Colleague: 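Before I ask anything, let me first share the structure, which is written out below as structure tokens.
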2 protein chains.
Amino acid sequence: MDTQELIRQLKQSNGSKIVLLVADGIGGLPLTPGGKTELETAATPNLDDLARRGVSGSMYPIRPGITPGSGPGHLGLFGYDPLKYVIGRGALEATGVGFKLGPNDVAIRCNFCTLDAAGNITDRRAGRIASAESAPLAIRLRKVKISGVEVFVEPVQEHRFCVVFRGEGLGGNVADTDPQKTGVPPLPAVAADKESQWTAEVANQFVAQAQELLADQPKANGLTMRGFSAAPRLPSYQEVYGLKAAAIAVYPMYKGLAQLVGMEVMGKPGSLSEEIDVLEKVWPDYDFFFVHFKYTDSRGEDGKFDEKVKMIEQFDAIIPRVEKLKPDVLIVTGDHSTPAKMAGHSFHPVPVVLSAENCRPDACQAFGETAALCGGLGHFEAVHLMPLALAHAGRLAKFGA
Amino acid sequence: MDTQELIRQLKQSNGSKIVLLVADGIGGLPLTPGGKTELETAATPNLDDLARRGVSGSMYPIRPGITPGSGPGHLGLFGYDPLKYVIGRGALEATGVGFKLGPNDVAIRCNFCTLDAAGNITDRRAGRIASAESAPLAIRLRKVKISGVEVFVEPVQEHRFCVVFRGEGLGGNVADTDPQKTGVPPLPAVAADKESQWTAEVANQFVAQAQELLADQPKANGLTMRGFSAAPRLPSYQEVYGLKAAAIAVYPMYKGLAQLVGMEVMGKPGSLSEEIDVLEKVWPDYDFFFVHFKYTDSRGEDGKFDEKVKMIEQFDAIIPRVEKLKPDVLIVTGDHSTPAKMAGHSFHPVPVVLSAENCRPDACQAFGETAALCGGLGHFEAVHLMPLALAHAGRLAKFGA
């Protein structure tokens with residue numbers, strides 16, 4: 001029996017409400033020896049107050065040393081072991097553009113490429129064609145018709161787009177058609193197992209029709225397919241935790257990830273304060289609220305330490321509005337670290353603070369990477385966060401007599 | 001290979017002695033923000049001194065967020081993963097009244113109920129009949145005779161009693177006979193697998209004979225059966241750790257749990273100081289000593305903060321008597337937290353202190369929940385405690401060359 005199975009057995013309802021506030025990539029690094037991280041540099045009176053009242057900890061998103069992408073990072077936060085539940089590349093790409101995958105879907109990442117008269121690839125990225133040019137071409141490919149299968153095509157960026165086949169008997173185990181070099185034609189789609197043979201046929205039909213539709217194009221007259229993947233089968237928040245969950249996010253990727261675990265996506269907020277407006281509006285109707293703030297990660301990715309500090313201060317400023325709703329459990333953390341010093345996601349642990357009537361306060365006087373090291377939640381992997389949230393909310397019965 | 005398998009391979013004998021002192025439910029919560037827990041409030045000079053000399057840690061009894069019952073809580077302390085070794089409800093009930101389960105036993109929790117002339121249940125708890133009335137009735141049921149099976153009946157409390165069938169070919173997988181409502185008769189016992197068919201037949205024979213024996217009763221003229229369970233198969237302390245283990249406890253539940261892992265129950269102490277008398281008496285004859293103190297939990301369950309503080313101080317006062325025996329390893333902890341504030345078991349971690357010649361002391365200056373957070377044992381799950389005990393006792397060989 002693993003922890004999630006145990007939680008299924010112990011879960012109980014009591015009308016309590018849990019808020020999970022995620023500042024994407026909030027964890028950081030000092031720029032100089034002896035310096036402070038972005039979070040420790042930022043003036044965060046509200047988060048520090050929360051740390052004084054609550055219980056802190058240092059969280060590994062996946063396992064020590066593992067740098068998470070957005071997919072595994074959020075699965076961990078949501079309590080799904082990212083090593084057990086793997087989201088295929090195609091499925092993640094579709095999710096990232098806000099496509100809601102169904103159980104009979106196979107998603108594929110595609111690249112426009114340039115083919116010569118002989119059908120050989122001369123440019124694997126169609127000269128990095130601009131999104132403005134490529135998007136209409138992707139939409140043009142929606143004309144493709146394959147009997148027995150529904151076909152969806154979504155523009156992504158520059159040479160990248162995304163295809164989803166929907167139908168019975170479509171396995172996700174098909175090899176990439178990108179030969180990874182020029183001077184040769186794209187590979188035919190080949191199934192790696194029986195269940196995926198029909199998928200490979202469908203893919204080859206799609207390519208044939210697509211190339212006709214693109215015949216008039218100078219650059220983007222061909223395509224390659226990668227990362228074939230069936231929709232991930234994830235048990236829902238309702239099944240596992242007995243929670244009616246709402247997701248509030250600005251970016252499609254995070255809305256998509258939340259949908260994969262059965263959260264309902266709320267509203268169309270365009271800023272953090274609009275996200276909190278939505279939270280206030282839907283507050284009576286849900287048990288669990290996932291609120292995602294993107295810009296702490298963005299500024300970290302840009303390598304902009306001071307701007308990330310500012311984003312953290314913006315994030316801190318909305319805490320009182322959330323606390324005003326009187327959640328039974330309020331958790332603030334990130335899905336991973338994005339140190340400006342590294343200008344990218346990192347493997348470093350992420351500080352967590354949890355506030356609840358029955359939490360056991362620790363000695364932490366501030367919300368930060370260093371302070372969290374002696375927090376009452378200790379050093380733990382993200383998959384334990386949801387059980388801790390449910391426990392503090394009184395939503396788990398005693399295990400055994 | 002799990003840790004227990006590794007320990008089996010590495011275990012070695014060296015005549016060292018280990019004491020595990022368990023103050024049931026010792027972990028707690030402050031009553032007011034910024035306050036102290038029961039343990040932090042109590043004057044515990046001896047435990048604090050132990051913390052200064054030893055190494056501390058913060059222990060999760062099962063997993064983060066999981067509130068343990070006494071069964072899983074103690075299995076964890078004893079080094080048996082409670083998610084791997086699950087004790088059935090019937091087995092736990094029998095254990096709780098001090099019944100020593102054997103390998104061919106199936107234990108069942110029973111309720112006296114009231115049946116009308118048509119045999120339908122009018123009261124599922126026989127009007128919560130008083131123990132003084134129900135105990136003789138349970139004992140009367142020992143008259144039941146079933147060929148090929150030994151039958152044991154033990155009074156428990158009010159309408160509750162416990163039945164054990166002993167014999168070959170008795171599976172534990174039988175559905176409850178309690179229909180969970182009135183106005184209908186009790187359900188017949190039905191086996192959920194081939195191995196349990198004989199058990200179901202035996203159960204139905206038992207009910208038939210029991211109802212005759214109870215025919216003259218106004219309230220308790222029927223019964224229902226729940227939580228059928230075979231005796232849990234737990235490898236013994238001798239097998240896994242190579243330890244000859246003694247259990248010293250006042251309450252039947254804890255004696256029973258210790259017996260399930262092959263400990264020998266010592267004496268009939270009625271108080272903590274009598275428990276230490278027993279410890280002193282049997283000291284030469286065993287390698288490992290489990291000493292259980294109940295009242296820290298009881299006062300917590302009663303929601304009495306100050307009285308729990310007093311119990312902790314009583315517990316602290318006996319530490320010198322234990323240290324006088326010069327155990328090679330002395331561990332003090334609890335099986336879970338029972339905060340007076342919550343008047344029940346909780347999911348919060350429990351402080352641990354371990355003292356041994358070769359422990360690596362940490363900076364902890366007191367024994368308490370907050371101090372333990374920065375202890376040298378870190379934050380860990382209870383199943384790791386026994387390997388730490390054995391290691392500090394020099395009872396584990398090097399793993400690999």
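Only a predicted model underlies this, so the values are computations on that prediction, with no experimental measurement involved.
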Colleague: Among B:His348, B:Met342, B:His336, B:Met253, single out the residue with the greatest number of heavy-atom pairs under 4.5 Å to chain A.
Modeller: B:His348
Colleague: Looking at A:Leu377, A:Ile7, A:Leu390, which has the largest count of heavy-atom pairs under 4.5 Å with chain B?
Modeller: A:Leu377
Colleague: Top residue by heavy-atom pair count (under 4.5 Å) with chain B, among A:His384, A:Arg52, A:Met386?
Modeller: A:His384
Colleague: Determine, stepwise, if the pair B:Tyr254 / B:His74 fulfils ring pair (Phe, Tyr, Trp, His ring centres under 6.0 Å).
Modeller: CA-CA 8 Å; B:Tyr254 310 97; B:His74 278 78; 5.1 Å; yes
Colleague: Name the region of B:Pro82, side chain, backbone, both or neither, that has any atom closer than 4.5 Å to a heavy atom of chain A.
Modeller: both
Colleague: Using a distance-only test with no angle check, is there a side-chain donor-acceptor pair under 3.5 angstrom linking A:Glu369 and A:Thr37?
Modeller: yes
Colleague: Using heavy-atom distances under 4.5 Å, tell me whether A:Leu385 contacts chain B through its side chain, its backbone, both, or neither.
Modeller: neither
Colleague: Is chain A contacted by the side chain of B:Thr370, its backbone, both, or neither, given a heavy-atom distance below 4.5 Å?
Modeller: side chain
Colleague: Name the region of B:Ile87, side chain, backbone, both or neither, that has any atom closer than 4.5 Å to a heavy atom of chain A.
Modeller: neither
Colleague: Looking at B:Ser56 and B:Val353, what are the two nearest heavy atoms and their distance?
Modeller: OG-CG2, 4.0 Å
Colleague: Between B:Ser229 and B:Arg109, is any side-chain donor less than 3.5 angstrom from a side-chain acceptor?
Modeller: no
Colleague: Among A:Leu47, A:Asp49, A:Val352, find the residue that satisfies the side chain to side chain contact (heavy atoms under 4.5 Å, CB included) test when tested with A:Phe367.
Modeller: A:Leu47
Colleague: What part of A:Glu5 gets within 4.5 angstrom of chain B, counting heavy atoms only: side chain, backbone, both, or neither?
Modeller: neither
Colleague: Honestly, is A:Lys244 close enough over A:Tyr286, meaning NZ or CZ under 6.0 Å from the six-membered ring centre and within 45° of the axis?
Modeller: yes
Colleague: Answer with side chain, backbone, both or neither: which region of B:Pro33 has an atom nearer than 4.5 Å to a non-hydrogen atom of chain A?
Modeller: neither
Colleague: Side chain, backbone, both or neither: which part of B:Leu83 has an atom under 4.5 Å from a heavy atom of chain A?
Modeller: both
Colleague: I need the residue from A:Leu396, A:Asn358, A:Leu373 with the largest number of non-hydrogen atom pairs under 4.5 Å to chain B.
Modeller: A:Asn358
Colleague: Count the heavy-atom pairs under 4.5 Å between each of A:Pro361, A:Gly376, A:Ala363, A:Pro387 and chain B, then report the option with the highest count.
Modeller: A:Gly376
Colleague: Start with the C-alpha distance between A:Arg53 and A:Glu323, add both sets of side-chain angles, then the distance that settles salt bridge (Lys or Arg N to Asp or Glu O under 4.0 Å), and finish with yes or no.
Modeller: CA-CA 12 Å; A:Arg53 285 178 283 126; A:Glu323 291 221 73; 2.7 Å; yes
Colleague: Can you say whether B:Ser346 sits under 4.5 Å from chain A via the side chain, the backbone, both, or neither, judging by heavy atoms?
Modeller: neither
Colleague: If you take all heavy atoms of B:Ala382 and B:Pro61, which pair is closest and at what distance?
Modeller: CB-O, 3.4 Å
Colleague: Kindly indicate, with the supporting measurements, whether the criterion disulfide bond (SG atoms under 2.5 Å apart) is fulfilled by B:Cys110 and B:Cys162.
Modeller: CA-CA 5 Å; B:Cys110 299; B:Cys162 171; over 6 Å; no
